Number of protein chains: 2
Amino acid sequence: MSDEDRAIARERVIESMEQSAEVYGLSRSAGRIYGVLYFSEEPLSIPELVDETGYAKSTISNVTRTLTRIGLIHRRSSAGGGRRVHYTAEREIWFSLQDVFQQYVLREIQTTLRTIRRAQAQLPADSGTESERIEELQETYEHFQEIVTLASDFTAAELRDALESYDR
Amino acid sequence: MSDEDRAIARERVIESMEQSAEVYGLSRSAGRIYGVLYFSEEPLSIPELVDETGYAKSTISNVTRTLTRIGLIHRRSSAGGGRRVHYTAEREIWFSLQDVFQQYVLREIQTTLRTIRRAQAQLPADSGTESERIEELQETYEHFQEIVTLASDFTAAELRDALESYDR
DNA sequence: TCGTTTGTTCGGATAGAGCCGAATAAACTG
DNA sequence: CAGTTTATTCGGCTCTATCCGAACAAACGA
């Protein structure tokens, strides 16, 4: 009974992880796989994940790869002695979020900045509105870059502290 | 000649906006429409946007709606005297980003928190690992909620300041 | 060595998003 | 009051992401 209650509670939370995954640009399967690993006592292999999630082997293989790349889960090669690969969930989600920001957002910001600077350089100093607008945009993006770069050195607690204690 | 240069520079930047739009979960058309409005001297109507972007009227109508909802562009109903709707770009992108965070991320965080709390409440105080894990998750999400809530009250400059001047 | 288990890669089916054109609604102009 | 211009909505087409099953590769155990 209590056992079943626990299973239900677990299932609810995992479902909400599926939902969250979509918001952050991942697939539902990614949300579920992460969720199952999050609640698992021990590291799980791909066949075990197939059992637990109901997804096909190939899906598990692909999704675990991207989740590993992002840093949301970790590969533990050969835990016991077998040749199986085992996966565990990163519980400090903050670190993964930082990585995602580093990898996607910061990269996008820098690519855009490069384009903007190049476009700006090919225009005479004061060539009408275009130039002004581009310069405006450049400043905005330099601002973003600073913020993201600074923020990625903070833990979640530090960041909250910094925001809470800041006196304008 | 210089005119053409300006057009080229403008086009480059708009293309990079199309790219950025995809990273932030918007369509390429959204990026281009925003870009055209960003560089436009005056507010533009839907037919004018059709000319400038090459997209169909219906596409412009739909995309402007979502961009308006997000806050990246603004509706100016009846600028001159006609019944036309005109659109302008919000140049302070920071405000829009905050809105998006408020609307999507914060909302997602709060939905998840509600689910977690409900699941937690239905479990006895110390029912094994599930309970611990869920509690752990709850703390993490409460942390996130604080950070996002705090950050949404800051301007970009203030946020940078807060991060720069924070002494651990 | 051969069969079994595990993991990756490939092609294809399906669902959803993005975009278009046509139909409709609504407001202005003569 | 027509006729025109503007804006939204609807159905359909196309392209992409997701997921599956099958084929393949690699490592283990008897």
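The structure presented is a predicted model; accordingly, all values stated were derived computationally and were not measured. Lettering follows sequence order; numbering is per chain, from 1.
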**OP:** Could you tell me the separation between the NZ atom of K57(A) and the C1' atom of dG11(C), rounded to a whole number of Å?
**Re:** 16 Å
**OP:** Take T112(B) and E108(B) through the side chain to side chain donor-acceptor pair (under 3.5 Å) test and state the conclusion after the steps.
**Re:** CA-CA 6 Å; T112(B) 304; E108(B) 186 271 327; 3.0 Å; yes
Original post:
Picking from dG7(C), dT9(D), dC19(C), which would you name as closest to the side chain of N62(B)?
Top reply: dT9(D)
Original post:
Can you check whether S29(A) has a side-chain N or O nearer than 4.0 Å to OP1 or OP2 of dT18(D)?
Top reply: no
Subject >> dA7(D) OP1/OP2 closer than 4.0 Å to side-chain N/O of R65(B) >> reply: no
**OP:** Provide, to the nearest angstrom, the distance between the OH atom belonging to Y55(B) and the C1' atom belonging to dA7(D).
**Re:** 20 Å
**OP:** Nearest whole angstrom, please: distance from the C1' of dT5(D) to the CD of E48(B).
**Re:** 13 Å
**OP:** Supply the atom-to-atom distance R118(A) CZ to Q122(A) CD, rounded to the nearest 0.5 angstrom.
**Re:** 8.5 Å
Original post:
Got a donor-acceptor contact below 3.5 angstrom from the T155(A) side chain to the E158(A) backbone?
Top reply: yes
Original post:
Between E48(A) (side chain) and S45(A) (backbone), is there a donor-acceptor pair under 3.5 Å?
Top reply: yes
Subject >> Value in whole Å for how far the C1' atom of dC19(C) lies from CZ of R32(B) >> reply: 15 Å
Subject >> Length of the line joining R84(B):CZ and dT6(D):P, which is rounded to integer Å >> reply: 4 Å
Subject >> Nucleotide dA17(D), atom C1' - distance to CD of E22(A) in whole Å >> reply: 12 Å
Original post:
Between dT8(C) atom C1' and L67(A) atom CG, what is the distance in whole Å?
Top reply: 16 Å
Original post:
To the nearest Å, how far apart are I46(B) CD1 and dG21(C) C1'?
Top reply: 16 Å
Original post:
Of the nucleotides dG7(C), dG18(C), dC19(D), which has the atom closest to the S27(B) side chain?
Top reply: dG18(C)
**OP:** Name the nucleic acid region contacted by T59(B), choosing base, sugar-phosphate or nothing; use a 4.0 angstrom heavy-atom cut-off, strictly under.
**Re:** base
Original post:
Side chain of S58(B), base of dG21(C): donor and acceptor closer than 3.5 Å?
Top reply: yes
Subject >> Distance under 6.0 Å and angle within 45° of ring axis: R91(B) vs Y38(B) >> reply: yes
Original post:
For S61(A) and dT9(C), is the shortest distance between a side-chain N/O and OP1 or OP2 below 4.0 Å?
Top reply: no
